[in-house]
2 protein chains.
Amino acid sequence: MARPRKFSRTQLQTAALALVDRDGLAGLSMRTLAARLGTGPMTLYNHVGGRADLDLLVVEAVVGKADWSHAKQADWRREVRGIATEMWRVVRAHPQVIPLILTRRSRSPAVLGVAEALVAARARSGRSGRALLVAFRAVQALVMGFAQVELAGPLSTQAGESPTAVIRRVRSLPREQFPHLTQIAAAAARSRAEAEFRRGLDLLIAGLAVGARVSRSRRPARAAR
Amino acid sequence: MARPRKFSRTQLQTAALALVDRDGLAGLSMRTLAARLGTGPMTLYNHVGGRADLDLLVVEAVVGKADWSHAKQADWRREVRGIATEMWRVVRAHPQVIPLILTRRSRSPAVLGVAEALVAARARSGRSGRALLVAFRAVQALVMGFAQVELAGPLSTQAGESPTAVIRRVRSLPREQFPHLTQIAAAAARSRAEAEFRRGLDLLIAGLAVGARVSRSRRPARAAR
DNA sequence: ACCTGAACACCGTTCAAGT
DNA sequence: ACCTGAACACCGTTCAAGT
């Protein structure tokens, strides 16, 4: 390290995230990032491995904002809820990045840190091994799944669509074919994303508390062909 | 419709899905699909709106394979479980497509159909309106979330990585910093994805059965800044 | 109405050359 | 060791022209 590198990691992250927040994922490329940093595209290869690294950089910039230090609680249910809610809050703060968070593997300390906190909280209820693993996966899945469903689910708003437009669209579906979807469309238009998430999370936490005592059939819904 | 179109929708779907299954998402482009169909890129614009439509075509080809006609059960719990498992099974059958399914909005009858079936099953437990909406969202989120966590979660395998390599990697993390993660690594290496999913789903269904009776704080984990 | 090739404005990355 | 420009092989799409 004779010379200091031209750009720091945080410099790259800030610039990249700013591009995505402003122009969307399509607005981030080797070339646009280089331009924003006032250099040529090839210079970036001294700092990142390639295009894929750019995505990871952005993901970690977002997840790194999670702060669960204040989530510590006597009741493990409250603590799991606090950490999960913080994860979800941070993810939603940069909606344009959600597709990247959903699909890019990251091994950054930030990502591992949230995971560890979540498992630790759940472990305090006395679970370990397999039960702990499943509980961890389920909470993680629910958090990311709610982000996904809001992003691309069947009841989600299209780009630039208003919530009232959603209800109109879903209600215009053939009622005999989708009787229940049209029925909950009204509820969907009224409800707010955060409230829905918190209630959904509470459902899962209630299940965690009782354990999986529901009768369980070992066979899939239909035979695997 | 003087002349029949050169390619049918299913023809396009089959060709596109075959490309993705073989070469991954990077292998699908206007140009490669055109080449596979033995024509020039511009010809495709007579059949699809543009590149984004190609992704939707592939998503719908996969989701369209879901068949929940045999999931009908007297017990609504079993029925919800059956439909959710079928969704998850279909999604996992084409792993390369998962990022698309997670991020692309689709209004196809196939996607809406599964949603309707899920809500219908849950409605049989007597819920409606908001409670029904939340239950629907939670199940949908859990299914997609499990696919996501398997694809890109902190305990998931890298491309071409063996399950035993995962345990080695996670175990090599600093134990004082990630005590619980290193602890569940062993369980993660042993367990199979389907079993994990089914157990996670059962946790949520148990929560659905009792309803959300857990005490609920209205405030987020920390004050929104 | 449907088909199609040439051309344009992008993109990531290899290669070779600079200090 | 780090920086960088030219060049290459892609990409989606506009435009204009065919039938």
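Side-chain atoms are counted along with the backbone in the values below, which use heavy atoms only and exclude waters and symmetry mates. First the proteins, then the strands, lettered A, B, ... as listed; each starts at 1.
Close to C:dC3, at under 4.0 Å from its OP1 or OP2, lies a side-chain N or O of B:Asn46. Between B:Thr43 and C:dC2 there is no side-chain polar atom (N or O) within less than 4.0 angstrom of OP1 or OP2. Within the 4.0 Å cut-off from OP1 or OP2 of C:dC2, at least one side-chain nitrogen or oxygen of B:Arg5 is found. For the OP1/OP2 pair of C:dC3 and a distance below 4.0 Å, the side-chain nitrogens and oxygens of B:Tyr45 include no atom meeting the criterion. An OP1 or OP2 oxygen of D:dT4 is reached within less than 4.0 angstrom by a side-chain nitrogen or oxygen of A:Thr39.
Between the P atom of C:dC3 and the NZ atom of B:Lys6 lies a distance of 7 Å, rounded to the nearest Å. Atom CG of A:Leu37 and atom C1' of D:dT4 are 15 Å apart (whole Å). The nearest whole Å value for the distance from the CE atom in A:Met30 to the P atom in D:dA9 is 20 Å. Atoms CZ (A:Arg51) and P (C:dT14) sit 15 Å apart, rounded to a whole Å. As rounded to whole Å, 13 Å separates atom P of C:dG12 from atom CG of A:Asp53. In this structure, the CG atom of B:Leu33 is 16 Å from the C1' atom of D:dC10, given to the nearest Å. Taking atom CG on A:Leu28 and atom C1' on C:dG12, their separation rounds to 12 Å, with Å as the unit.
With 3.5 Å as the limit, one finds a donor-acceptor pair spanning the side chains of A:Ser191 and A:Glu196.
Comment: B:Arg198 does not engage B:Asp202 in a salt bridge, judged by the lack of any side-chain N to carboxylate O separation of less than 4.0 angstrom. With respect to the salt-bridge test (charged N to carboxylate O, under 4.0 angstrom), the residues B:Arg169 and B:Glu161 qualify.
For C:dC10, there is no paired nucleotide, since no Watson-Crick or G-U wobble pair has both relevant distances below 3.5 Å. Base-pair partner of D:dT4: C:dA16 (Watson-Crick or G-U wobble, both distances under 3.5 Å).
The side chain of A:His47 lies closest to D:dC3 when the candidates are D:dG12, C:dG12, D:dC3. Relative to the side chain of B:Pro41, the nucleotides C:dC11, D:dT13, C:dT4 differ in distance, and D:dT13 lies closest. Of the listed nucleotides (C:dT4, D:dC11, C:dT14), C:dT14 has the atom at the smallest distance from the side chain of A:Met42. The listed nucleotides are D:dT13, D:dC3, D:dA7; the one nearest the side chain of A:Arg31 is D:dA7.
Ring geometry for A:Phe146 against A:Phe197 counts as perpendicular: the plane angle is over 60°, on a 0 to 90° scale with 30° as the lower cut.
For the pair B:Gln148 (side chain) and A:Gly145 (backbone), a donor-acceptor distance under 3.5 Å is absent.
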